[in-house]
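To keep things clear, I will list the structure first and then write my remarks on it.
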Amino acid sequence: MLNASTMLSAGHQQLHIMGVRSGMPSPVVTRFAPSPTGYLHIGGGRTALFNWLFAKHNGGKMLLRIEDTDRERSTPEAVDAILAGLTWLGLSWDGDAVSQAARAPRHREVAEQLLAKGRAYRCYCTAEELDEMRSLAQAEGRPPRYNGMWRDRDPSQAPAGVNPVIRFKAPQTGETVIEDQVQGRVVIPNKDLDDLIILRSDGNPTYNLSVVVDDHDMGVTHIIRGVDHLTNAARQTQIYLAMEWAVPVMAHIPLIHGPDGAKLSKRHGALGVEAYRDMGYLPAAMRNYLARLGWSHGDDEVFTTQQMVEWFGLESCGKSAARFDFAKLENLNGHYMRHTDDAELLEALIGFLPHVEGGPQMLKAIDASMRAKLIAAMPGLKERAKTLIDLKIGAAYLFVTRPLNMDDKAQTILADSGRQALHSLLPVLQASEWNAPALEAAVKAHAEATGLKLGKFAQPLRAALTGTSTSPGIFDVLVVLGREESLARIADQSASA
RNA sequence: GCGCCCUUCGUCUAUCGGUUAGGACGGCAGCCUUUCACGUUGCAGAGACGGGUUCGACUCCCGUAGGGCGCGCCA
């Protein structure tokens with residue numbers, strides 16, 4: 001059975017959707033509204049990305065609002081971390097970030113209006129009474145909800161010395177309809193929505209009131225957020241209706257789960273975005289990966305941010321939760337690394353070094369000549385790196401100083417007739433011109449002359465030059481290192497004695 | 001407990017009543033090869049289950065099972 005407010009709800013939604021579809025002069029305004037109780041986690045990052053993409057796609061704006069009405073848990077450090085996280089991801093917002101707490105007076109004003117309209121009432125229950133109410137309901141197998149004790153009670157019965165809260169007088173029959181752009185039509189029975197507190201006893205607003213007032217005042221046209229807010233959407237819809245405000249278009253996107261399918265926890269995926277930066281992922285790769293979690297464009301897997309903006313649409317968002325898959329992220333990141341311009345990638349590496357162990361020392365050693373070497377080595381290096389950490393490790397041979405430390409595999413290579421190979425090769429290299437084709441020709445000729453495979457010389461060379469068993473193509477390494485340094489490193493390991 | 005939502009290869013997904021159910025990551029095998037990668041070729045791999053509707057269901061409806069989210073003077 002439908003009541004008037006339900007129908008009004010549906011009507012409002014319909015009007016709004018039609019308005020957007022017919023291209024009425026209502027520019028799209030989205031918002032990202034994190035609460036500053038910690039870092040920007042990956043789910044929040046994707047929500048921000050979707051809001052950003054939707055706004056950009058429609059030539060609109062994305063606003064940023066910090067939901068800091070919980071004074072106990074909000075911290076300025078968390079605000080900084082969130083702004084830094086968004087910035088790292090390359091997501092910009094329009095205008096200044098709005099502090100929700102700063103708008104408390106306006107929220108109070110609306111609470112008073114609701115009171116005056118008879119759509120809210122004062123409730124004098126104490127926290128303890130509410131706890132009892134909940135546990136009693138639980139024990140009796142009833143939903144843990146407020147029993148409406150003060151809903152219709154005369155205010156004259158108010159106990160002395162108790163600061164009341166203000167509760168929203170929610171409809172108790174009928175249903176609330178949300179025409180969700182991702183979830184479809186969602187119908188919530190009003191009997192399951194109790195009279196939520198909109199103003200605390202200390203006079204501060206609570207979340208559900210603040211969001212509605214702020215979204216309305218900020219002109220938000222589209223609310224894109226996680227499905228965990230779906231039931232809040234029904235409550236908020238009722239507040240919009242009570243205030244006779246237009247209900248924004250809503251889109252509740254699925255959540256991201258950890259690799260095991262369970263809720264994200266610190267153990268697996270719920271890391272701050274800066275943790276992904278520290279793991280050596282590129283923001284562009286991160287954006288691409290995140291976009292593919294819950295959104296798709298046919299069979300496309302790799303696309304530029306510009307393409308993402310062009311293609312993004314709420315209708316292409318899925319409804320089911322996705323698991324976070326590091327293997328795929330890593331693969332994508334490797335693709336982005338390989339396709340990033342050498343100079344640009346070097347800058348990314350330099351920007352990354354402060355955040356990784358051993359990075360700062362490496363950073364200090366980067367002068368003009370090291371820069372040149374890194375650029376020269378980059379094509380071979382980036383081919384083998386999936387993350388900036390890989391790149392840093394791969395570049396290490398450029399930074400080490402003689403005599404090089406040999407890792408286990410390098411030692412084995414050298415011990416196993418490697419030193420003899422180097423000994424015989426040394427004069428050949430000394431006689432060669434110092435460029436890759438000439439060096440390769442010289443070594444190959446030597447190998448043929450001695451009847452040995454190229455590998456018999458290449459691997460010992462690699463060990464002597466890098467101290468490891470893997471590196472970019474060995475002739476490129478010789479060139480990047482230069483004649484003098486290369487010959488010295490080889491001599492260090494050759495069995496000349 | 002109540003409400004809402006979800007369910008295609010191991011993972012992310014395409015499909016919008018008619019396909020040998022496609023792609024990507026991962027896996028396996030081969031090729032390339034001075035190492036490691038890259039690249040490339042091939043292989044294995046999916047519609048949770050049960051009922052309907054229909055000439056025809058992955059696709060629509062109902063139920064079951066499993067999973068998720070919500071039910072704060074948190075957001």
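In what follows, chains are A, B, ... by sequence order, proteins preceding strands, each numbered from 1.
Panel note: side chain A/R489, backbone A/T466; no donor-acceptor pair is recorded below 3.5 Å.
B/U20 is unpaired under the criterion used here, namely a Watson-Crick or G-U wobble arrangement in which both key atom distances are under 3.5 Å. Across all strands shown, the partner of B/C28 is B/G42, judged by Watson-Crick or G-U wobble contacts whose two distances both fall under 3.5 Å. When both distances must be under 3.5 Å, the Watson-Crick or G-U wobble mate of B/A65 is B/U7. Nucleotide B/A14: unpaired (no Watson-Crick or G-U wobble partner with both distances less than 3.5 Å).
One N or O donor and one acceptor, one from the side chain of A/S201 and one from the base of B/C73, sit under 3.5 Å apart.
The side chain of A/S296 places an N or O atom within less than 4.0 Å of a non-bridging phosphate oxygen (OP1 or OP2) of B/A14. Contact annotation: A/T69 reaches the phosphate of B/A75 (side-chain N/O to OP1 or OP2, under 4.0 Å). Applying the 4.0 Å criterion to OP1 and OP2 of B/C5, one finds that A/K319 has every side-chain N and O outside that range.
Both cation-pi conditions hold for A/R46 and A/F50: the charged atom is under 6.0 angstrom from the six-membered ring centre and inside a 45 degree cone around its axis.
Salt bridge A/E440/A/K444: present, at least one basic N to carboxylate O contact under 4.0 Å. Note on A/R103 versus A/D68: no salt bridge recorded, every NZ/NE/NH1/NH2 to OD/OE distance being 4.0 Å or above. Ion pairing between a basic and an acidic side chain is recognised when a charged N comes within 4.0 Å of a carboxylate O; A/E67 and A/R65 show such pairing.
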Any chance you could list the contact pattern along nucleotides 65-72 of chain B? Use B for base contacts, S for sugar-phosphate-only contacts and - for none, protein heavy atoms under 4.0 Å, 5' to 3'. ---SSSBS

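B/C36 sits 15 Å from B/C28 when the P atoms are compared, rounded to a whole Å. Distance noted for atom P between B/U15 and B/C9: 16 Å (whole Å). As rounded to the nearest Å, B/C16 and B/C60 have P atoms that lie 12 Å from one another. Rounded to the nearest Å, the gap between the P atom of B/U11 and that of B/A46 is 12 Å. Comparing the P positions of B/A75 and B/G70 gives an interatomic distance of 15 Å, to the nearest angstrom.
Crowding of A/K392 atom NZ: a count of heavy atoms from other residues, nucleotides or ligands under 6.0 Å exceeding 12.
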Any protein N or O atoms within reach of nucleotides 35-42 of chain B? Criterion: under 3.5 Å, listing atom names and distances.
residue, atom, partner, partner atom, Å
B/U35, O4', A/Q459, OE1, 3.0
B/U35, O2', A/S469, O, 3.1
B/U35, N1, A/R462, NH2, 3.3
B/U35, O2, A/S471, N, 2.9
B/U35, O2, A/S471, O, 3.2
B/U35, N3, A/R462, NH1, 3.1
B/U35, N3, A/S471, O, 2.6
B/U35, O4, A/G473, N, 3.4
B/C36, O2, A/R384, NH1, 2.9
B/C36, N3, A/R384, NH1, 2.4
B/A37, O2', A/E383, O, 2.7
B/C38, OP1, A/K386, NZ, 3.3
B/C38, O3', A/R338, NH1, 3.4
B/C38, O2', A/E383, OE2, 2.6
B/G39, OP1, A/R338, NH1, 3.4

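Aromatic ring centres of A/F324 and A/F326 lie closer together than 6.0 Å. Aromatic ring centres of A/H216 and A/Y240 lie farther apart than the 6.0 Å criterion allows. Ring centroid separation for the pair A/H41 and A/Y276 does not come in under the 6.0 Å cut-off.
Set against B/G3, B/U34, B/C12, the side chain of A/R323 has B/C12 as its closest nucleotide.
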